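Right, one structure below, let's go through it.
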Amino acid sequence: MPRKAPTAPQTTIRGTPEPAPVTQQTQQTPPKQKTQTAQTPQTPQELDAAYFARLIDERMEQTREQISTLTAVIREVTLAAKDIPADDEHDPEGTTVSVERANEVALLAAAETSLLDLMEAQERLNTDSYGICERCGTAIPTARLEIRPETRFCVECASVRRR
């Protein structure tokens, strides 16, 4: 909406400007700004960097533990597969072991990717670029960062990327 230009002050008969009438709107010092709600993204300056540093560290530790657990499970499944005959076609357990191993390997790959994303988020936090959408440059809402501290995109841009 275009901004209205202020009108020139009215002059009196003697040529001196008449003071502008005092209205309720002119009595307010600055125009009222929007109050922040849970839906309004906070700017990166308002983010609690120490809180998000702890959150990222906790998630990294959890992910490292998950990687360690998955690695141990894959090792066990691989060792167990050595005792099973190589003839998967006639062995009812053969396909189950290979499917289980494939699932664990996929989970391990996802956990490793998550750890890398968390490490990149930690780097962005250290370089003061954390909490800014890499696609549109707007602030990412705090609630989204709390759920996915490794996120690089706001909700809108993340949904565009998935299409």
Side-chain angles (χ1 to χ4, degrees), residues 1-9 19-78 80-81 95-163:
M1 183 158 91
R3 180 182 271 176
K4 292 183 180 180
T7 58
V22 177
T23 62
Q24 189 174 11
Q25 186 177 12
T26 57
Q27 288 177 346
Q28 296 175 352
T29 45
K32 208 171 193 181
Q33 295 180 356
K34 292 181 184 177
T35 56
Q36 285 201 342
T37 62
Q39 297 175 355
T40 305
Q42 294 183 359
T43 60
Q45 292 81 18
E46 295 172 340
L47 292 178
D48 184 1
Y51 168 75
F52 283 104
R54 284 190 311 273
L55 183 63
I56 290 170
D57 287 341
E58 289 172 8
R59 296 282 173 91
M60 287 175 69
E61 184 60 35
Q62 292 169 355
T63 305
R64 286 185 176 112
E65 289 173 8
Q66 183 182 16
I67 289 171
S68 177
T69 302
L70 288 169
T71 303
V73 168
I74 291 170
R75 188 177 309 118
E76 289 175 18
V77 170
T78 303
T95 55
T96 305
V97 171
S98 61
V99 168
E100 182 180 350
R101 184 175 187 283
N103 287 340
E104 299 299 329
V105 168
L107 288 172
L108 179 62
E112 289 172 340
T113 300
S114 179
L115 182 61
L116 289 174
D117 289 344
L118 286 163
M119 292 169 78
E120 289 173 359
Q122 192 175 43
E123 182 62 31
R124 287 192 305 275
L125 191 61
N126 293 336
T127 60
D128 295 329
S129 61
Y130 184 76
I132 301 171
C133 179
E134 290 182 2
R135 185 169 183 266
C136 68
T138 61
I140 300 172
T142 303
R144 178 166 172 76
L145 291 171
E146 287 176 342
I147 294 168
R148 297 199 66 212
E150 71 276 9
T151 192
R152 299 178 355 225
F153 302 101
C154 64
V155 175
E156 190 174 313
C157 291
S159 65
V160 168
R161 288 187 66 229
R162 289 188 183 133
R163 291 182 196 162

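Every value quoted in this text rests on a predicted model; they were computed, and no experiment measured them.
When side chains are defined from C-beta on, Tyr130 does not count as touching Ile140, because their heavy atoms never get closer than 4.5 Å.
Atom OG1 of residue Thr71 and atom CD of residue Gln66 lie 10.0 Å apart, to the nearest 0.5 angstrom. Between the CZ atom of Phe52 and the CG atom of Leu125 there is a distance of 9.0 Å, given to the nearest 0.5 Å. The SG atom of Cys154 sits 12.0 Å away from the CD1 atom of Ile132 when rounded to the nearest 0.5 Å.
In this structure, the side chain to side chain donor-acceptor pair (under 3.5 Å) partners of Arg101, at least two apart in sequence or on a different chain, are Thr78. In this structure, Ser68 has no side chain to side chain contact (heavy atoms under 4.5 Å, CB included) partners at least two apart in sequence or on a different chain. Applying the side chain to side chain donor-acceptor pair (under 3.5 Å) rule to Glu134 yields the partners Arg152; only residues at least two apart in sequence or on another chain are considered. Remark: Glu104 pairs with no residue by the side chain to side chain donor-acceptor pair (under 3.5 Å) rule, at least two apart or across chains.
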Listed pairs under 3.5 Å, donor-acceptor, residues 106-116 side chains, sequence neighbours left out:
residue: Thr113; atom: OG1; partner: Ala109; partner atom: O; Å: 3.0

Ignoring hydrogens and angles, write down the donor-acceptor pairs under 3.5 Å from the side chains of residues 53-60, residues two or more places apart or on other chains.
residue: Asp57; atom: OD1; partner: Gln122; partner atom: NE2; Å: 2.9
residue: Arg59; atom: NH1; partner: Ile147; partner atom: O; Å: 3.0
residue: Arg59; atom: NH2; partner: Glu146; partner atom: O; Å: 3.3

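Of the possible polar contacts, one joining the Arg144 side chain to the Phe153 backbone as a donor-acceptor pair under 3.5 Å is found.
The two residues Leu118 and Pro149 have their closest heavy-atom pair at CD2-CG, 4.2 Å.
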